[in-house]
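What you are looking at is a predicted structure, and each value in this text was computed from that prediction instead of being measured. Values below: every heavy atom of this structure, side chains too, minus hydrogens, waters and symmetry copies. Reminder, nothing fancy here: chain letters follow the sequence lines and each chain counts from 1.
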Amino acid sequence: MPHRPIKRILIANRGEIAVRIIRACRELGITAVAVYSDVDRSALHVRRANQAVALGGATSGESYLNKTKLLEAARKARVDAVHPGYGFLSENADFAEAVEHAGFKFIGPPPSAIRTLGDKTEARKRARELGVPTVPGTVEPLVDAGQAFDVAGAVGYPVLLKAAAGGGGRGMRIVNSEDEMPSAFATAHSEALNAFGDGRLYLEKLIENPRHVEVQVLADSHGSVLHLGERECSVQRRHQKVVEESPSPIIDEAMRAQMGDAAVTLARSAGYVNAGTVEFIVDAKKNFYFLEVNTRLQVEHPVTELVTGIDLVAEQIRIAGGGRLEQRQAEIRQRGHAIECRVYAEDPANRFLPSTGTLERYVLPEGPRVRVDNGYRQGDMVNLYYDPLLAKVVTWGRTRKESIAAMKRSLAEFHIGGVRSTIPFCQFVLSHGRFLKGDYDTGFVAMYFAPEALYREGNRAQVAAAIMAARAKARMTGVAPGDDATFTTQRSREWKKNRHATLR
Amino acid sequence: MPHRPIKRILIANRGEIAVRIIRACRELGITAVAVYSDVDRSALHVRRANQAVALGGATSGESYLNKTKLLEAARKARVDAVHPGYGFLSENADFAEAVEHAGFKFIGPPPSAIRTLGDKTEARKRARELGVPTVPGTVEPLVDAGQAFDVAGAVGYPVLLKAAAGGGGRGMRIVNSEDEMPSAFATAHSEALNAFGDGRLYLEKLIENPRHVEVQVLADSHGSVLHLGERECSVQRRHQKVVEESPSPIIDEAMRAQMGDAAVTLARSAGYVNAGTVEFIVDAKKNFYFLEVNTRLQVEHPVTELVTGIDLVAEQIRIAGGGRLEQRQAEIRQRGHAIECRVYAEDPANRFLPSTGTLERYVLPEGPRVRVDNGYRQGDMVNLYYDPLLAKVVTWGRTRKESIAAMKRSLAEFHIGGVRSTIPFCQFVLSHGRFLKGDYDTGFVAMYFAPEALYREGNRAQVAAAIMAARAKARMTGVAPGDDATFTTQRSREWKKNRHATLR
Amino acid sequence: MEKEPARHIALARNEYLVAINGVRMRVLLNSDGVATVNGVRHAYDLHESPEGGTSLIMDGSVFEVAVLARKRQRADQDGIPDASERIAVSVNGTDFEAAVDDRHSLLVKSLMKTTAHDARSITVRAPMPGLIVRIEVEAGQAISAGQGLLVLEAMKMENEIRALQAGRVKEIFVQSGRAVEKDERLMLIDAE
Amino acid sequence: MEKEPARHIALARNEYLVAINGVRMRVLLNSDGVATVNGVRHAYDLHESPEGGTSLIMDGSVFEVAVLARKRQRADQDGIPDASERIAVSVNGTDFEAAVDDRHSLLVKSLMKTTAHDARSITVRAPMPGLIVRIEVEAGQAISAGQGLLVLEAMKMENEIRALQAGRVKEIFVQSGRAVEKDERLMLIDAE
């Protein structure tokens, strides 16, 4: 099939990932066309694009999830290809198909590969067939809550209910006992239906507090499939990742090769093309089990980029344009160590609930070792319509110790005012002995984190805040510092004497 | 000699380099103490420090060049060491000595090494003795203008007059013929005297349009001396570097080893410790000649950091604390390619003259591949008192092509309003065929650059500016767009009819 | 000083009571550059910037500070407006929400009657802005601790709000499908 | 249109003459979202941000724009104040300095008499702000093209200002040691 060269790309996304893709386009000399909902009119991803097409609406359904509007925008802007980013329609095979039918390249895997590997149940079946280890549980989606009781009884509680279609923790519930099953099943089903339009669930034995380790895969349309090493993503709240690193502190060369081979085997079997991620859980004995495939770019892709030197988004675009992977597996080398901290508009002191408002202060870290993938500017509103990810801070060091030091320095420079963020939580993680030793798993947050550990500002910072607040109040009421200086030394005596004079 | 551990450092500098050193301190867990002149009271380097001591004054002489005040600040802040940065007192052996005598570590070479290698005349003599090639010219400083005539006659015009004490293009003049010698000698002498307090000059044959290539050296106090490869710095205006890259497009492994050996030999012979740079010029036949040693950190050190992964400032601090270099020469590897563009507050369309004012708009590039070492914030004043360097943009790529693409993308994102900058000049360089081919030398600017090449904004950008300006004027005068909509279609006829009605 | 009732504190004209995270500080602005906080004198240097952020150098240490927007006044549990000024300050990237009183606001407070508060009545408030997906109880219904009361959706996540203790639903202020603000009243529970 | 003298242009109330880098454009603000520039209609979308920078989407293309401070009015060569509004606009990181006229400023201009201009008299102005280090000529002195006139120091660099053509020094406005602003008059030269 002859490939039309990719000169113009529609980025069907928003926020930091849209900005990141736009940057790759600009470096490749490709015209980047942004789309925007009404509330995103002056968002950073619009400002950084070459061109922009309005989608209208505010909710995701009216805009970034609206296939018809997106295809219309692609036609209007006469693009050659569509990049879906992550989230939204990135794992939607129907959208990928519609994009290709409309005559545009979809920058991602073929619809068939999304269907085969994106469906968790199908993917698990395939993994079993290929000899890739999987966690005991259902192979087919559950028929009803009754079947859930039966299977859970067979593999033994605790078990995990998961959406067949989704990811990112939505439609996922831990069930500790029979009693919890009815409401857990109902909630997971409803969440899955709302989030993915598909309420099917499956069930598996819960491996308690595993590590979450994933392998990055790149495949071109000429049969070459590579893995780019692993990412350790075990620091999670609500089953969503917050801190990731590469390489994992527990994976050695041999295990990396084993997991990499498993990932490549799975991808190859499904005719996978473009970037994808094979997720595994690793138990305390370092046994790894296939979890699922994310048939798209991951939020945490930058840590792989920093250690391998490979630009995953640029590779995605090249692959979609029919290009060949330039490296062989033996040439992929990890250099040093990278960490990513996700900065969400959430209040870690209040169960990570979303925090909305205006970014009254928003100052990014700069300088050596740090990369910031960011989607906001000071003065922007953070609203309820979309994912609360503001930015990602990624640091690099020759050693894990160096990249942690760089991250702590960078997080201290990242000043957000007006909206709560996960920065203090990330600072907690980066200072915790378990994390520093690399000895942590997905139970880390539940086990060690308590909101009391946050905002441990020194007494001096509070004094500074008090002086600033008092000065602000004085300015509001027109009082100048020292207006009542006689009170400084001899308060009680002078008080009576001056009472009359100083009352306004 | 037992070393007191370095826990607190006074940074005797300002601007981006002070901020960069503060960041290294914070990553190493060291308390960073800034100093500031009156006009720098709220400068970024103060904001980023843990502590700050006022020096008072505005001019460099009253503040960052004032040894007494700096030593007093070091005592007051009870620091263990002083980092001089570059410029100011960084190459002043007397200051280094005074710092050590006052009981602080000087983060830089020993005063004896600064004296031996920092004095250009002495360094040239030593290089000749060691068999390192040098350019024909005087070995001793010139006695007077008369001697300058004699030597110039002997080696043949054109010749170069250079300050014995200085660097950075100050006190340097090209002399093409006898006629030019008197005024050139007077100006160079006067500039050198003002800038360095030392008017001595020397003279050498001008190698016309050489390349400027320098080698980074690191030496510890235990006898280990390494070189970290070269930097190509041939894009210069007024003999000052603007764009640098590593590796150089013309240096191969063999030449790198030769130049590296020469640099290490020189450093070792002078008992050099800490970071330093050995500068060479390279003629069209790839012969290299020793030029001078910079006994300090260079402005362009980040390109070396990006390709070697070594943090030069952190190494400087470790070395000053008595630490050993961890690598051996064979372990130093360059990975990929890095470029630096210096963003000066200068008007490239007007002979690179300084441009002062308020940074009404100051938006830094972000995202993959780019590092920004920056000293300013939006709203800051750029004044006449100090060096006009605002920030450095440094990009990395697996290949030179990739780092150039990342640089072009990053410069396009760097928005400065209110003050002219060298960004458009750097954009010119990054798009020039000669630069893209790597086929350029120090004659590049004189040969290819003309201000007409700048600000080639498309017609559409001008139209956008015109609309914005018209809207701003309308707002000032209280006119709303469409206020006179009748004029839109039938201007001339309507004009007379409405004349009365629309005149205020 | 912390236990002294607010109305008995005599403040100077340039003196303030500042409460941050439950810590009360008495701040006297002696002059421009000197403040006494809880009796300890602090020398500071502050140069305010038009761009918002600046540095406060206090006793030699640097704090990057910014005064954020003045918060709207919050009604307390009983609906009585709080006379204190709410000012948010960012210090080294952390937001501090300060309640600031001067002599005037203290006077206002001392004059306001406080309504008796029924400790057995619990107001359930929205922990975040969001959309009410469904309400799982009815007015008058007896509930047990941990029981789900309603489901709030925000940023595509459903969050179940549960009862902290057993009791009876007294009143429900919202309906399914409604968007609510953070801290908006959702239900009133009579605790057992 | 460019050669038409300004005073003969009839502008609508919502119409402007904008000169940028020597290019004159006639801008009609038809409505909020449509402008006609030199007869070409442009649809645009602009949402101004409180923080200064924003994006203008014009005919589908994005321009990151900001209106910078209004420049002080500049006296022209003959000391007559220029009635045009000077407005600096940043577009994609490049500053554009626009001279904007509306119907009123054009009227003012047409009423102002222009003084005859002596083409043989050249004003030497400071190319940048700086300090006069030394003056190398005297009033009345004959000078040749390229001859050094004075030395201006800025940011520790000495910059020699030289004569562009031969002539005679008519007047010197500054003294050694004085700080000067950009564009400040330094000398008057009678050209040969």
Side-chain angles (χ1 to χ4, degrees), chain A residues 60 169-170 183 187 190-191 194-195 238 347 350-351 353-356 358 360-361 363 378 384-388 412-418 420 423-424 455 457 460-474 476-477 479-485 487-488 491-492 495 502 504, chain C residues 10 12-16 18 20-21 23 25 27-37 42 44 46 52-53 56 58-59 61 63-70 85 87-96 98 100 102 104 127-131 148 151 153-160 182:
Chain A
S60 302
R170 293 170 195 167
S183 91
T187 317
S190 147
E191 242 182 61
N194 284 339
R238 286 203 307 253
D347 186 356
N350 187 17
R351 293 181 293 150
L353 293 178
S355 175
T356 58
T358 300
E360 294 182 48
R361 192 162 160 67
V363 181
Q378 187 162 302
L384 275 174
Y385 297 112
Y386 317 110
D387 187 86
E413 281 188 25
F414 201 154
H415 290 189
I416 299 182
R420 297 278 174 191
I423 290 173
Y455 308 115
E457 292 305 319
R460 294 193 309 163
Q462 281 207 357
V463 170
I467 292 174
M468 291 302 293
R471 283 177 60 98
K473 174 72 177 169
M476 289 172 197
T477 52
V479 175
D483 258 10
D484 204 345
F487 278 71
T488 317
R491 295 204 70 266
S492 45
W495 166 248
T502 56
R504 292 195 300 179
Chain C
R13 181 166 149 75
N14 54 338
E15 195 171 26
Y16 302 88
V18 183
I20 295 175
N21 296 340
V23 177
M25 284 169 278
V27 181
L28 178 69
L29 300 175
N30 309 54
S31 63
D32 199 2
V34 179
T36 303
V37 180
H42 298 275
Y44 68 88
L46 180 75
L56 174 79
M58 186 178 75
D59 308 326
S61 290
F63 300 89
E64 180 134 321
V65 295
V67 175
L68 306 176
R70 201 171 143 186
E85 194 83 52
I87 296 168
V89 180
S90 166
V91 177
N92 290 345
T94 299
D95 283 10
F96 290 89
V100 185
D102 61 6
H104 298 288
M128 64 186 148
L131 187 80
V151 177
E153 184 190 302
M155 296 182 185
K156 300 284 152 205
M157 287 292 290
E158 294 192 359
N159 303 276
E160 189 171 55
K182 184 171 191 298

By a 4.5 Å heavy-atom criterion (distance strictly below it), what part of A:Arg351 contacts chain C: side chain, backbone, both, or neither?
side chain
Smallest heavy-atom separation, C:Val18 atom then A:Ala470 atom, equals CG2-CB, 4.4 Å
If you define the side chain from C-beta out and look only at heavy atoms, does anything of A:Val479 sit under 4.5 Å from C:Tyr16?
yes
With rounding to the nearest 0.5 Å, note down the distance linking CG in C:Leu56 to CZ in A:Arg460.
11.0 Å
Taking the side chain as every heavy atom from C-beta outward, state whether C:Leu46 and A:Arg471 have any pair of such atoms under 4.5 Å apart.
yes
Search all heavy atoms of A:Ala480 against all heavy atoms of C:Asn14 and return the closest pair with its distance.
O-CB, 4.4 Å
dist C:Glu64:CD -> A:His415:NE2 (nearest 0.5 Å) comes out at 5.5 Å
Where do C:Ile87 and A:Ala472 come nearest, in terms of heavy atoms and distance?
CD1-CB, 4.0 Å
Separation of C:Glu85 CD from A:Thr477 OG1 (nearest 0.5 Å)
8.5 Å
If you take all heavy atoms of A:Gly418 and C:Leu68, which pair is closest and at what distance?
N-CD1, 3.6 Å
What is the distance from atom NE2 of C:His104 to atom NZ of A:Lys473, rounded to the nearest 0.5 Å?
9.0 Å
Rounded to the nearest 0.5 angstrom, the CZ-OG1 distance for A:Arg420 and C:Thr94 is 8.5 Å
Residue C:Ile20 versus chain A: region with a heavy atom under 4.5 Å:
both
Using a cut-off of under 4.5 Å for heavy-atom pairs, which of C:Gly130, C:Pro129, C:Gly148 has the most such pairs with chain A?
C:Pro129
So how far is it from C:Lys182 NZ to A:Leu353 CG, rounded to the nearest 0.5 Å?
8.5 Å
Please give me the minimum heavy-atom distance between C:Val89 and A:Ala465, naming the atom from each residue.
CG2-O, 4.0 Å
Nearest atoms (heavy-atom pairs only) where C:Asp95 meets A:Gly417:
OD1-CA, 3.2 Å
Please classify the contact of C:Asp59 with chain A as side chain, backbone, both or neither, using a heavy-atom distance under 4.5 Å.
neither
